[in-house]
Amino acid sequence: MINREEFRSIAHNGIWKQNTSLIQILGLCPLLAVTTNMVNGVMLSLATIIVMALSNVAVASLRNFIPHEIRIPVFILIVAALVTVVDLLFNANLHELYLVLGIFIPLIVTNCIVLARVEAFAAKNPPLHATFDGIFMGIGMLWTLAVLGGLREFIGGGTLFSGIDLVFPGLSPLQLLPADYPGLLLAILPPGAFILLGCMIAWKNWVEARAAQRQPRPPIEPLAADGTN
Amino acid sequence: MITAIAIMALGAVVLGALLGYASIKFKVEGDPLVEKIEAILPQTQCGQCGYPGCRPYAEAINKGEADINLCPPGGMEGVQRLADLLGREVKPLDAEEKPKAVAFIDEQTCIGCTLCIQACPVDAIIGAAKQMHTIVADLCTGCELCVPPCPVECISMPVIGENLDNWKWKYPVIELKKVA
Amino acid sequence: MEFTTSPYLLKNASVQRVMLQVLAALLPGIAAYVWVFGSIILLQLVIATVTALLAEAAMLKLREKPLGLFLSDGSAIVTAWLIALTFPPLSPWWLIVTGTLFAIVIAKHLYGGLGQNPFNPAMVAFAACIVSFPALMSQWPAVGLQVSVADQARVVFGLLPRLDAISGATPLDTLKTALKLDEGSISVTQLLADQTVYGFFAGRGWEWVTGGYLLGGLFLLWRGLISWHAPTAFIAGLSLFSGALWLYNPAQFANPMFHLFSGGAMLGAWFIVTDPVSGCTTMKGKLIFGFAAGALAYLIRVFGGYPDGVAFAVLLMNICVPIIDHYTQPAIFGMKDRS
Amino acid sequence: MTHYLFVLLGAVLVNNVVLVKMLGLCPFMGVSKKLETAYGMGAATTFVLTVATGASYIIDHYLLIPFGLEYLRTLSFIVTIAAIVQLTEMVIQKTSPVLHQVLGIYLPLITTNCAVLGVPLLNVANKNDFVESLLFGAGSAIGFSLVLVLFAGIRERTDGADVPQHFKGVAIAMVTAGLMALAFMGFAGLDKYQ
Amino acid sequence: MTTGAAKSASKKREPTAATMAVRTAAILFVFVIIFTGLLSGAYLWTKPALEASAAEEKMKLINEVLPRSAYDNNLLKDTVTLPASPLLGTDEATTAYRARKGADPVALVFEAVATDGYAGKIRLIIAVNADGTIAGVRVTQHKETPGLGDYIEPKKDKNKERPWITQFNGHSYASTVDKDWRVKKDGGRFDFIAGATVTPRAVIKAVRKATKYVAENQTQLYASQ
Amino acid sequence: MLSLFKFKGGVKPQTNKTQSVSEPIAVAPLPSRLFVPLHQSIGGTPQPLVQAGDHVLKGQMIGAADGWISSAVHAPTSGSVRAVAEHIAAHPSGLTTLSVEIEPDGKDEWGERTPIDHGAMAPETVRERLREAGVVGLGGAVFPTHGKLTASKTVPMEELVINGAECEPFITCDDLLMRERAEEVIRGVGIFRDLLQPKRVLIGIEDNKPEAVAALQAAVAKLGEHFEVVAVPTRYPAGGAKQLIRVLTGKEVPAAKRSTDLGVQCFNVATAWTAWRAVAHGEPVVSRIVTLTGNVEKPRNWEALIGTPLAEFVKLGAPKADTNGYLMGGPMMGFEMPAMDAPLVKATNCIIAGSPTLFPPKAPEMPCIRCGECAKVCPHELQPFEMYWFSRAHNFGKTQEYHIFDCIECGCCSFVCPSRIPLVQYFRFAKSEIWAREKEKNAADQAKARFEWKTAREEREKAEKAEKLAKAAAAQAAKKAAEAAAAAVAPAGNEPPPAGEPAPTGAPSTNAASANASPVAVAVTANDAAPLDAEAAKKAAIAAALERARAQRAAVAPKNTDHLTAAQAREIAAVDALRQQTGLEAAPPADNGETKP
Ligand SMILES: Cc1cc2nc3c(=O)[nH]c(=O)nc-3n(C[C@H](O)[C@H](O)[C@H](O)COP(=O)(O)O)c2cc1C
Ligand SMILES: Cc1cc2nc3c(=O)[nH]c(=O)nc-3n(C[C@H](O)[C@H](O)[C@H](O)COP(=O)(O)O)c2cc1C
Ligand SMILES: Cc1cc2nc3c(=O)[nH]c(=O)nc-3n(C[C@H](O)[C@H](O)[C@H](O)COP(=O)(O)O)c2cc1C
Ligand SMILES: Cc1cc2nc3c(=O)[nH]c(=O)nc-3n(C[C@H](O)[C@H](O)[C@H](O)CO)c2cc1C
Ligand code: SF4
Ligand code: SF4
Ligand code: SF4
Ligand code: SF4
Ligand code: FES
């Protein structure tokens, strides 16, 4: 099956090391287009996670029956069918959110991450690994979308969780800044999305650089490192 | 539901047939990428990459079997250019970058066994059996393949230092760092 | 010897000298501005300058560059002044500060600071702010405003509420709004006959300010700091389009003089499309850059969503600069007949 | 006639797929490091996108709508697009090695370009007729190529700039794209006369 | 000779174009059957929910302009087609919904378009009572400047108690004189937000023309099938 | 009067020439030691002809020209050779070069001098004499003069331009030469004229040297020549060959062409003078006029021996106390001498003592603000800021797109840059990187070709061995077959293939050219004459490989030399010459195939 080590490496890859948005720079359209608030971003990520997990399973299980020449059309067929199912589910159950997310639900099909993972991982690995890969890649995407969405709505309007009522009808958004905060609208508009994502990538670079600087040291205090684990 | 399946199946048959047909009809041999990769490799033919020459290494890279950081003569710059070409991540070189050197045969010691001639991949050594051999420095790529076969260890690899012929103007910037 | 390579002789020139002359060239325009809209602009200039220098210093420190050398080059001050001059004089202080920070930090220093920014920092500030705060950015005080400078300063610092009475749309904005009014209820001709809007040959009061910029621009031209190509082409682009539509229907479209001497046109022509860093560098490129910027500025002014199009036009052309420069390389010595 | 011109120009500038509609961003970021490759990608995308909008329109109007199968849109569109892409690639590879050198490596990437599926879907959403659909498709593709090439031009230049360490590479490219999007906001409202 | 031999050998290994076509088609066929089947199943399963949510969406909008208690018929079934009209600002036929209580007409819910918004068309849904007064107006689609002209949407309006768009309630074409159908700045009765007068002007104009349309055509509208 | 043309750009730095023209040229005293570098001109490095301990006479050849583009070197005075060893070069790198160290015996005794009458001799002989006499361009480029004295075969020679512009600040050696030795200069020009047969001879002198103009005009009149002496406007770099040609003739010589392609040739006045001395007096180039100026008490021009160490030379001018270094050449294009024992060479026209007041330390470099000043003054109408931008980013491909090899390194751009960027240094850096890469690439191509050849040869040898075995077997089989069925001819006809089959494999499949070529040859030979088969196949393969090598070279060479500058071309010429000399050029396949036992 899957051992702890593999699981950890898959999780680490998905969430940080091979993060789709910050490292692979894939799946940018949903990342930038729907993150006008956090809720949109999270919900679209959830949809993507479902599609990714399912399509990874499907491809990983069927991989031996798919001839090489038509693998791309078949992969796409599988992904598209799953996406449409998710699309129908959203439409039926979360109709208003469905309207907000618009064509970005069907566009999960062309989300490069999905196909990239299917090609790069699912087509070469057993189903269980593939499922986890799909889920963790999705989680990696989810947290970046959540952070970007949160940043954008906070800077743009001083709120958090706006649009939550579309998912949980009873809840209402948080107004974090005073109501007379003028709001830097730019953050919510396309330019803001690009610039803030640029800053997030720079932040990730900075974190990595700092980690790399510290790395050579470990041998000095191996015990402490063990202790924290 | 039946119409849906029928229509999609029809589409599938048409597209599938087209694709299958085309995949045979329009098949092409060879891969131009290998040529491009090979053009970046330094052609030292030294085998330090673990492949018998630059071409096999290029093919291995193309197939995804080999990493791009295995060629020491190409140096970091070679890795960088391969990474650019292939869209892969730049990795540090998997060995030390050596200063450029050429082989030198100590003519006093050479016994004319011709073993080095056979080893040299670029025919940079001239000489006949039982005669003293010489290395044509201009042709020598510094691959060191001739060193091990020599039974009397007369081949050394002196480093080519800086001279008026290979001297280069230096990068002028003294990076402006905070002075105050 | 301290020096390493030839040439060992250098002309006595420096970036600081260039920037100081640009600042000097802005003075006539500023004087007219004070005369027309009051001295509150001086406060805004100070706010912008201080913010710009602080932001520049902070960024230089973060990037470990020599502070003194770059702070004294004056380029941040040029940017700051242009921001202050393009923002409404009664903008709240934080608006100017936000704009300036945006210009210096994002548009300039993320690209490596002086000389390396592909976009005009001052125009980035303007565009970012008008997109974010359209209401604040389109309200100008009426000419000959009867409010004391002290009270105006209070407005700027938010101690007095913003009085809608003291500010309104600019002549350009009024014109544009009029275009949208009921079928022909107000024609441009009527509007331009209105003395509160129209002065001698352009927006009332604006003609003097823009005239001041023109004077400054001619000074720069005389000093050889700018070439004639970009400003002339900009003016040509703007005049050609406005002139054509004006001839087509003078009741709906204002005359070229109005367009040239209202809003940011003159400042744009002489100080903004001439920005060496973010503009084209070849002569042909400068002509294309200027002409297209003028034409786009007009289209955005009249048909687009924003009252003045100079900033967007310049930014749009900034995007094209590398490509234009690439395709307008002059023939070099000995290669002329070939191309 | 002017209507169609406005549709085309609107798609190229005012509603630019990349900077306004935010579609096709991955190739926009990925294939813009060099001017040459940007031209190649632009050409390939323009071809596929235009063909895809036409094909999608036909499928939608002559297969899906008559049988009430609108829910199969995504599926049928994307499978068709994938097949078109793969066919194009194979044909070009065989018939014109030169063209394949130029476009070859970009073609497979197009399948995962959101714009290629997004534009046909937008056509459906906007109820465009056949000519409008084609123009919208071509306009979007031209808009994509245009900003891609301009972006590549700027990136080649900023490559030489002294960008702060952590912003080097993609981060500064994102900022550049942001400022380009800001500039393109200047076109806002220019399409209301159409 | 060797190459020839190699060629024929490789031919044996590789299928001909025709067989390959058949094989690919078959495999794709199988996959398509499976996944389209899956998809169609999902569709049939969710279909009722889809239809319900579409209807619910429409009703939700209508409920905003017309209280649910005001009528008792199924609006969505009692419709009339309005041809394109300059008064409505529409350039294609639209559907109007007729609310009735018992047999009495209560109100007409229909679409109108303000053509001269600051940034393009503003789409409205308007409910006009049978007596000509406005029951409610909502904006369904617009491109006005966010943060400036978008206060016509109650959600974006800072005034949550009495959003700007509710000012129309109670006005009617007959009772409100022409001069009053203007923003206060132009001497009318409607509020506006300084710095963004274009938008309210456009909406007011559109609503006025729409009520005029209803006033002129009321009887046919309720009568026709 | 001739109507002058203009070149774009250029600058007007302070000329600082008056200091060193008040005194006439003086002959510098014999130094205690001379270090004569063997490599003093463009082209092949001369081979040393002397050894430590040899006694030499003044003018005796100590280094023989190596190849056609190369020039001989001579002993500047009589004395004994102390060593032939590495000595620091007059070069910005501070590296050493093979030099002949001579201890003068103080007699300054000439060796044999054989004047010739150039009018009575074949042009080749005259050119050979110039080559033997070490006459090289003294205008700065030190290109062997005889190499420039062949008119183009296709373009008629229109103008001969003589460069007396001397546009760099501080330098006055040509000025004084023209004033004092005008007649000999004009006679030297006469030699060039006779060799090149131009329609007109134009002598260009900057208009800030009226005395020189007058002196040359007088000499021209006196000798009854029809040379035009023209005063050209003073503007740096009016003395650049291409600028002067432009000003005097209106022609623009592109970087990719030689001026002879446009029917023009250009020589410096001092070159003309040395040519006259070499021809009419048999004196090789052993000394030259050097301006010693700058931060010295006694600026003036000296006729100094080649090889004089800098330290001994500058003493003549009494440098002031705050002197902090010495420039060779002018302040615009010169470089700082790396050490006080570096020698004067043929290229040394001027030594400037520097001081902090004369050349203040450069203010810190700022980033380029793209103001375009540099483009305005660039005489080659380049875009220096773009070249700078991409050089700085190590993007060398782009620098070439912006024509970096058209840059003549005149320094005008650095001179005006408000950001005080050492632009020229960036360009030099980029150029040397590009050259280095080009060299590496050529080496790689060569290595690849040779490797392929070697692999092919090995395979062929293997095949030959196999073939020999097979043939033996086949012969046996044939014999048996003949015995078994004497009447049957058909089987014998069918037999050869197995024998012939290895032949095509002998041609490596990796190699298209030989694969195509050899089967043809084999097809003919294999069936007709079996015994000749091996020989023929081998020959065919060799021929094919030769052909391929030639084709490859033809295909590659033009690509690499397409965008070469004159300087690069020179470099290649030098290498080519070297190759030809060592006989390696033609070597690859054939030679090795044979040397192999
Ligand atoms: C960027 C920008 C966006 C604007 N958007 C709107 C808008 O959506 N609706 C509107 O009525 N006015 C808008 N305006 C304001 C108009 O240009 C104009 O100033 C205003 O409508 C005039 O009305 P006033 O009489 O209230 O000043 C905008 C202005 C700017 C600068
Ligand atoms: C910028 C520049 C300035 C030059 N100035 C002079 C000069 O003033 N006088 C001169 O004789 N050669 C000058 N030269 C050298 C000439 O280009 C050219 O090499 C020379 O005139 C050819 O003659 P020669 O082969 O006899 O040296 C200069 C070269 C350059 C690149
Ligand atoms: C291989 C080679 C051959 C040359 N042949 C000629 C020639 O035939 N005629 C000529 O005028 N110059 C010839 N040149 C020299 C260049 O033209 C020379 O660099 C230039 O005249 C010197 O002018 P300057 O400094 O501008 O360098 C040759 C250069 C090379 C490298
Ligand atoms: C003629 C001239 C015009 C300039 N125009 C601008 C301008 O429009 N906007 C700006 O931010 N800086 C301007 N600058 C200043 C400077 O170039 C600018 O700060 C750089 O873009 C910063 O790298 C100008 C400078 C000069 C010399
Ligand atoms: S290590 Fe490099 S040079 Fe050596 S054989 Fe491998 S690829 Fe060629
Ligand atoms: S001589 Fe020796 S080191 Fe040089 S190329 Fe041949 S084998 Fe390599
Ligand atoms: S003169 Fe200097 S600052 Fe101006 S463009 Fe040239 S290199 Fe840049
Ligand atoms: S050094 Fe080169 S780039 Fe600079 S001015 Fe001279 S020729 Fe032009
Ligand atoms: S997510 Fe849209 S192109 Fe990648």
Side-chain angles (χ1 to χ4, degrees), chain C residues 1-19 21 65-66 68-70 72-75 78 111-118 224-227 229 274-283 285-286 321-322 325-326 328-338, chain F residues 7-8 11 13-14 92 169 242 246 252-257 324-325 327 329-336 352 354 356 359-364 366-373 375 378-383 385-386 402-403 406 409-412 414-420 422 424-425 428:
Chain C
M1 269 187 263
E2 307 250 337
F3 31 91
T4 48
T5 53
S6 60
Y8 296 90
L9 282 180
L10 292 187
K11 198 173 145 179
N12 193 2
S14 73
V15 175
Q16 192 180 28
R17 216 180 252 238
V18 172
M19 294 302 164
Q21 290 183 66
K65 303 275 163 185
L69 182 63
F70 284 106
S72 64
D73 68 22
S75 71
V78 174
Y111 286 96
L114 179 68
Q116 328 210 30
N117 44 304
L225 290 176
I226 60 177
S227 74
H229 303 77
T274 53
D275 178 16
V277 175
S278 56
C280 280
T281 44
T282 63
M283 295 309 154
K286 281 179 182 175
V321 163
D325 275 349
H326 185 260
T328 55
Q329 281 304 308
I332 62 165
F333 184 88
M335 306 283 266
K336 266 160 225 163
D337 35 64
R338 243 208 244 168
Chain F
F7 68 93
K8 282 218 179 111
V11 294
Q14 250 203 320
K242 293 185 176 173
R246 163 79 193 157
E252 289 191 1
V253 185
K257 281 192 182 167
N324 57 356
L327 295 184
M332 299 300 285
M333 292 189 69
F335 59 89
E336 189 185 350
I352 306 175
F359 305 123
K362 279 179 192 166
M366 303 269 290
C368 165
I369 54 168
R370 299 170 69 84
C371 65
E373 284 300 312
C378 175
H380 277 245
E381 297 158 62
L382 305 174
Q383 305 267 297
F385 54 89
E386 301 280 14
Y402 285 101
H403 310 287
D406 283 58
E409 301 179 14
C410 66
C412 292
S414 303
F415 178 77
V416 296
C417 176
S419 289
R420 298 164 299 223
V424 182
Q425 202 186 334
R428 290 182 180 135

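In what follows, every chain begins at residue 1, and chains take the letters A, B, ... in the order their sequences are listed. For clarity, every value in this text was computed on a predicted model and none was experimentally measured.
- To the nearest 0.5 angstrom, D325(C) atom CG is 7.5 Å from Q383(F) atom CD.
- The two atoms that bring V424(F) and P7(C) nearest to each other are CG2-CD, 4.2 Å, heavy atoms only.
- Distance check, rounded to the nearest 0.5 Å: OG of S6(C) to CD of E409(F) gives 7.5 Å.
- Each of C368(F), S419(F), G334(F) has some count of heavy-atom pairs under 4.5 Å with chain C, and the biggest count is that of G334(F).
- Here the closest non-hydrogen pair linking F335(F) and Y8(C) is CA-OH, 3.5 Å.
- Contact annotation for Q329(C): only side-chain heavy atoms (C-beta onward) come within less than 4.5 Å of a heavy atom of chain F.
- Taken to the nearest 0.5 Å, the CZ atom of R420(F) stands 9.0 Å off from the CG atom of L10(C).
- Between atom CE of residue M333(F) and atom OG1 of residue T5(C) there is a gap of 12.0 Å, rounded to the nearest 0.5 Å.
- Here the closest heavy-atom approach between residue P276(C) and residue C371(F) is recorded as CB-CA, 4.0 Å.
- Nearest heavy-atom pair across F415(F) and L9(C) is CD1-O, 3.3 Å.
- Within the 3.5 Å criterion, the main-chain N or O of I332(C) finds no donor-acceptor partner in the side chain of E381(F).
- Residues D73(C) and M366(F) meet the side-chain proximity criterion, which asks for heavy atoms closer than 4.5 Å.
- Taking CE of M19(C) as the start and CD1 of I369(F) as the end, the distance is 4.5 Å to the nearest 0.5 Å.
- In terms of non-hydrogen atom pairs under 4.5 Å with chain C, the most contact-rich of E252(F), Q14(F), E386(F), K8(F) is E252(F).
- Interface remark: P13(F) contributes side-chain atoms only to the contact with chain C (heavy atom separation under 4.5 Å).
- Counting all heavy atoms, side chain and backbone alike, F333(C) lies closest to D406(F) at O-OD2, 4.4 Å.
- Contacts between V416(F) and chain C at a heavy-atom distance below 4.5 Å involve backbone atoms as well as side-chain atoms.
- Taking each heavy atom of P254(F) and M335(C) in turn, the nearest pair found is CB-SD, 4.0 Å.
- Contacts between P169(F) and chain C at a heavy-atom distance below 4.5 Å involve the side chain alone, from C-beta outward.
- Residue H380(F) touches chain C through both its backbone and its side chain, counting heavy-atom pairs closer than 4.5 Å.
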